[in-house]
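Since the structure comes first, as structure tokens, the remarks are kept for the end.
Side-chain atoms are counted along with the backbone in the values below, which use heavy atoms only and exclude waters and symmetry mates. The structure presented is a predicted model; accordingly, all values stated were derived computationally and were not measured.
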Amino acid sequence: MRPSMLCRWLVCLSLLSCTAGAFAKPPANFDTAPAQAVITRLLPLQARQFQLGTLSAPPGHERFRIAAADGHIRVEGSTPSALLFGVNWYLKYVAHVQISPNGDRLGNTPFPLPTVPIERDTPYAYRYALNENVDGYTTAYWDWPRWQREIDVLALSGINSMLVERGMDSVLYQTFRDAGYTDQAIRRWITQPAHQNWQLMGNMCCFNGPISTALMQKRAASAQQIIARLRELGITPVLPGFYGIVPADFQHKFPHAHVVPQGEWAGFTRPGWLDPRDPLFAKLAASFYRHQRELYGDSSIYDMEVFQEGGNSGDVPIPEAARDVQHALLAAHSDARWMMLAWQGNPRQDLLAGIDRQHVLIIDIDHDRIPRDDRQKDFQGAPFLFGGIWEFGGRTTLGANTRNITERLQRLGRNNRNMAGTAVFTEGMDTNPFAFDLFTEMAWRSEPVDLSAWTADYVQRRYGAADPHAEAAWKVLLKTAYDIRIDDVEFHSERDAAQESLFDAQPSLTVNRASNWSPEAMRYSAEDFKHALPELLQVAPALRGSETYQYDLVDVARQTLANESRLLLPQIKAAYDGKNRADFDVLSKRWLQLMDLQDALLATNRNFLVGQWLSRVDGWASSPEERTLLEYDARSLLTTWGDRKASEGASLHDYGNKDWAGLTRDYYRVRWGMFFLALDESLRTGKPVVAVDWFAVGDAWNRGEQRYSDHGVGDAYAVASLVARVLRLP
């Protein structure tokens, strides 16, 4: 056994006692019918070829085995998750087909039988998914069919624990009704769905309310359906826990309560924080967990973000407070783990010192310019998951730091005996399918990854053959968008993310990013990236019809246009500064022409439509008035994010920017058109530029009644070819 594998075995043995309570171990003969149902839904033409079974695994490991048996593809697993990932491994490396978050390429012929048995195992007890913000930026208004597809894809990707925030509004409502709040008061405090997860993290309250009773009931029923499916598939539902958030007026109702005011977060009033040592805390926590159990049953992992992004402990001693938060959780769920984030200084050392760290699970997303790799010391031995976070705000930007995924993840696993798994932790889902596929596979790989070879396999299964032009395009992507490094670019808090499109930015001649915390410049060569699209356009015609090729073609063409914005804006600025109105006119018209072209491109693919986002709102509203409230909730998250104070004062505007058809045409292009008109008028008259109220522009779109298609229109290949011609690509 290699030293690295011996190390992994020792890690597993040391963690075994810690993880036993976190996951209920399925029996050796667990029911494979739910896994078979996943295969039937995802592979309707080939599902009957699969024969599923169970097998044992070494202590602390999960394992799958693939072989041919009786003319079938026999896949066995030690857990439902291992079993389904075994099916996925077969699809990837034997059948050379793909199921991805953004489309599938499966064909309509039978799959080949495996020629030799394949076995793999993982020492990682946890393969977790979903950032808290996903419930805002991606899933806020999903219906059951959309959730079912996502759960199936996550299960096939080896995920065995997933956050569920939907439906927690009902738990908060009932908890504070027990405390004496009126129905109207507590419904005004609870935030609407697209912003609600930030309330659960203690960041905000009271936006765009009140939430309706009917909506809470629908969301509770939906959450029950989601959680039931997770449990069928052996996926642990991770639920929010209670750590002390209360309405800001709580102390007025309970004068003897010790509440620490939390001030504001990004212009919003934060919930107060009830001192966990206060006798009322235990009562509220018990009420919270009782109602949560009644609605959704028990879990073994509970997410609590104490002091998220600036929370204030006041005069409360942190070790004692943390101890009592954990005591309340364990009183309700004796074997539970407290899940928390390593992010912006959290978890604090004094907080960790006050708790039983073997009942903790830390998601490590604190990847700074100087990575901290001694997580045994930093987390005081508490188990942690390596978090993959290459995208923020649900943005559509292409790119990731693949070295973080393939090299640092394995290094931390070798050197930290408390690393217990991985966590897909992007702030939105269903972008960058390449990074998602690579990251979710890493829990099952201990050997070094040859990324070039891995990508060649990826391209073959994604497009259907080892096409030389497809491979050439992906070689470009590997050297550019998927080779983001720690460099001299100022990136604020988004280390592993690529730069945004300036088309999506609030207009300025000096703007260098759309959202306040993202990278300020290109993370790779825009000129080098330009070679990818011409190669994709030359992929063999027989391979161009798949959903996966069509998605990548639009995505790469979209990113090529987005990168052009960073090359063109300095030219526009030079023309304006030089008072060259003729050049300014030509260049500003080209900018708007490229935006029009981008909107036409995006409109060809359902994955890039604002109509897909907005069309899901209708099913949740019980009246025209509620539909107006909910559509404002969904729209504003993309644009102003919140009210004027949050949008302008706290610079939250455009944090959730996306290259989506409709949004590009009716919001981003409108802003730039207004801006260029104001600049041209200044050049014509010599007068100062008339300022534009950008919040008002965004809020007008938020309250607009435009209807948008949720189906793609047009020929993506034709429009992408036009992009290449207009940009005169090599």
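With hydrogens and angles disregarded, a donor-acceptor distance shorter than 3.5 Å links the side chain of Glu391 to the backbone of Gly394. Listed for the Arg277 side chain is no donor-acceptor partner under 3.5 Å among the backbone atoms of Glu320. The closest donor-acceptor contact from the side chain of Asn432 to the backbone of Ala400 lies at 3.5 Å or more, if one exists at all. Judged by distance alone, with hydrogens and angles left aside, the side-chain atoms of Arg495 form no donor-acceptor pair with the main-chain N or O of Trp390 at under 3.5 Å. A donor-acceptor pair is defined here as one N or O able to donate and one able to accept, closer than 3.5 Å; no such pair exists between the side chain of Arg219 and the backbone of Ala223. Under the 3.5 Å distance criterion, the side-chain polar atoms of Thr236 are left unmatched by any main-chain donor or acceptor of Ser161. Judged by distance alone, the side chain of Tyr243 and the main-chain N or O of Met201 form a donor-acceptor pair under 3.5 Å. Side-chain N or O atoms of Ser212 include one that pairs as donor or acceptor with a backbone N or O of Leu215 at under 3.5 Å. The closest donor-acceptor contact from the side chain of Arg566 to the backbone of Leu569 lies at 3.5 Å or more, if one exists at all. Between the side chain of Ser515 and the backbone N or O of Tyr655 there is no donor-acceptor pair closer than 3.5 Å.
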Inset, instruction - Show your reasoning for whether side-chain hydrogen bond (donor to acceptor under 3.5 Å, both in side chains) applies to Gln308 and Trp343. - result: CA-CA 8 Å; Gln308 163 75 2; Trp343 175 249; 5.2 Å; no
Inset, instruction - Would you sort out whether Ile362 and Leu341 count as a side chain to side chain contact (heavy atoms under 4.5 Å, CB included), showing the intermediate values? - result: CA-CA 5 Å; Ile362 299 170; Leu341 299 186; over 6 Å; no
Inset, instruction - Please step through salt bridge (charged side-chain N to carboxylate O under 4.0 Å, His left out) for the pair Arg703 and Glu631, ending with a clear verdict. - result: CA-CA 8 Å; Arg703 301 180 189 280; Glu631 181 146 319; over 6 Å; no
Inset, instruction - Verify side chain to side chain contact (heavy atoms under 4.5 Å, CB included) between Val164 and Val238, making sure each step is shown before the conclusion. - result: CA-CA 6 Å; Val164 180; Val238 177; over 6 Å; no
Inset, instruction - Dump the intermediate steps for side chain to side chain contact (heavy atoms under 4.5 Å, CB included) on Ile245 and Trp273, then the final yes or no. - result: CA-CA 5 Å; Ile245 63 166; Trp273 182 53; 5.6 Å; no
Inset, instruction - Please lay out, stage by stage, how Arg644 and Asp693 fare under the test salt bridge (charged side-chain N to carboxylate O under 4.0 Å, His left out). - result: CA-CA 10 Å; Arg644 186 181 292 274; Asp693 184 344; 3.0 Å; yes
Inset, instruction - May I have the step-by-step check of side-chain hydrogen bond (donor to acceptor under 3.5 Å, both in side chains) for His492 and Glu520, ending in yes or no? - result: CA-CA 9 Å; His492 305 286; Glu520 295 188 7; 2.8 Å; yes
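For Phe242 and Phe281, the distance between ring centers is under 6.0 angstrom. Remark: aromatic rings of Phe503 and Tyr668 are distant, center separation not under 6.0 Å. Residues Trp198 and Trp641 bring their aromatic ring centres within 6.0 Å. Aromatic ring centroids of Phe268 and Phe207 lie under 6.0 Å apart. Checked against a 6.0 Å centroid threshold, the rings of Tyr302 and His333 count as neighbours.
For the pair Leu351/Met340, a side-chain contact is recorded, criterion being any heavy-atom separation below 4.5 Å from C-beta on. No side-chain heavy atom of Trp338 sits under 4.5 Å from any side-chain heavy atom of Ile301. A 4.5 Å side-chain heavy-atom check between Tyr524 and Gln499 finds at least one atom pair inside the cut-off. In this structure the side chain of Ile186 reaches within 4.5 angstrom of the side chain of Pro247, judged on heavy atoms. Between Tyr128 and Leu163 there is a side-chain heavy-atom pair separated by less than 4.5 Å. For the pair Leu385/Thr422, no side-chain contact is recorded, criterion being any heavy-atom separation below 4.5 Å from C-beta on. You'll find the side chain of Leu663 reaches within 4.5 Å of the side chain of Trp701, heavy atoms only. A heavy-atom distance below 4.5 Å is found between the side chains of Met429 and Leu130.
Cation-pi check for Arg290 over Phe288 is not met; the charged atom does not lie both under 6.0 angstrom from the ring centroid and within 45 degrees of its normal.
For the atom pair OG1 (Thr628) and CG (Asn208), the distance works out to 10.0 Å, reported to the nearest 0.5 Å. Separation of atoms CD (Gln326) and CZ (Arg357) is listed at 10.0 Å; rounding is to 0.5 Å.
Here the rule is side chain to side chain donor-acceptor pair (under 3.5 Å) with Asp169, and of Gln199, Gln196, Arg187 only Gln196 fits it.
Looking at every heavy atom in both residues, Asp496 comes nearest to Asn401 through OD1-ND2, 3.0 Å. Pairing each heavy atom of Met162 with each of Leu230, the nearest pair is CE-CD1, 3.7 Å. Taking every heavy atom of both residues into account, Ala321 and Val316 meet most closely at CB-CG1, 3.6 Å. Across Leu239 and Met168, no two heavy atoms sit closer than the pair CD2-CE, 3.9 Å. The heavy-atom pair separating Ser647 from Gly642 by the smallest distance is CB-O, 4.5 Å. Arg513 and Val511 get closest at one heavy-atom pair: O-CG2, 3.2 Å.
Side chain to side chain, Tyr181 and Arg188 fail the donor-acceptor criterion of an N or O pair below 3.5 Å. In summary, the side chains of Asp633 and Gln192 do not present any donor paired with an acceptor at a separation below 3.5 Å, with no hydrogens or angles considered. Between the side chains of His291 and Asp178, at least one donor-acceptor pair of N or O atoms lies under 3.5 Å. Checked by atom type, the side-chain pair Tyr667/Asn702 shows no donor-acceptor distance below 3.5 Å. A donor-acceptor pair shorter than 3.5 Å cannot be found between the side chains of His653 and Asn516. Remark: the Tyr173 side chain and the Asp183 side chain contain an N/O donor-acceptor pair separated by less than 3.5 Å. Ser222 and Arg166 form a side-chain donor-acceptor contact under 3.5 Å, judged by distance and modelled atom types alone. Inspection of the Asn197 and Asp135 side chains reveals no N or O donor paired with an N or O acceptor under 3.5 Å.
Ring geometry for Tyr141 versus Trp613: interplanar angle over 60°, hence perpendicular rather than tilted (30 to 60°). The aromatic rings of Phe176 and Trp189 sit perpendicular to each other, their planes meeting at more than 60°, with 30° as the lower class boundary.
Ion pair Arg348/Asp350 flagged as a salt bridge, since at least one NZ, NE, NH1 or NH2 atom sits closer than 4.0 Å to an Asp/Glu carboxylate oxygen. Using a cutoff of 4.0 Å between basic side-chain nitrogens and carboxylate oxygens, Asp374 and Lys377 are not scored as salt-bridged. The pair Asp373-Arg408 meets the salt-bridge criterion, since a charged nitrogen lies less than 4.0 angstrom from a carboxylate oxygen. A salt bridge links Asp654 to Arg671: one of the charged nitrogens lies within less than 4.0 Å of a carboxylate oxygen.
With a 6.0 Å radius and a threshold of 12 heavy atoms from other residues, nucleotides or ligands, Lys253 has its NZ atom above the threshold.
With sequence neighbours left out, the salt bridge (Lys or Arg N to Asp or Glu O under 4.0 Å) criterion links Glu500 to Arg395.
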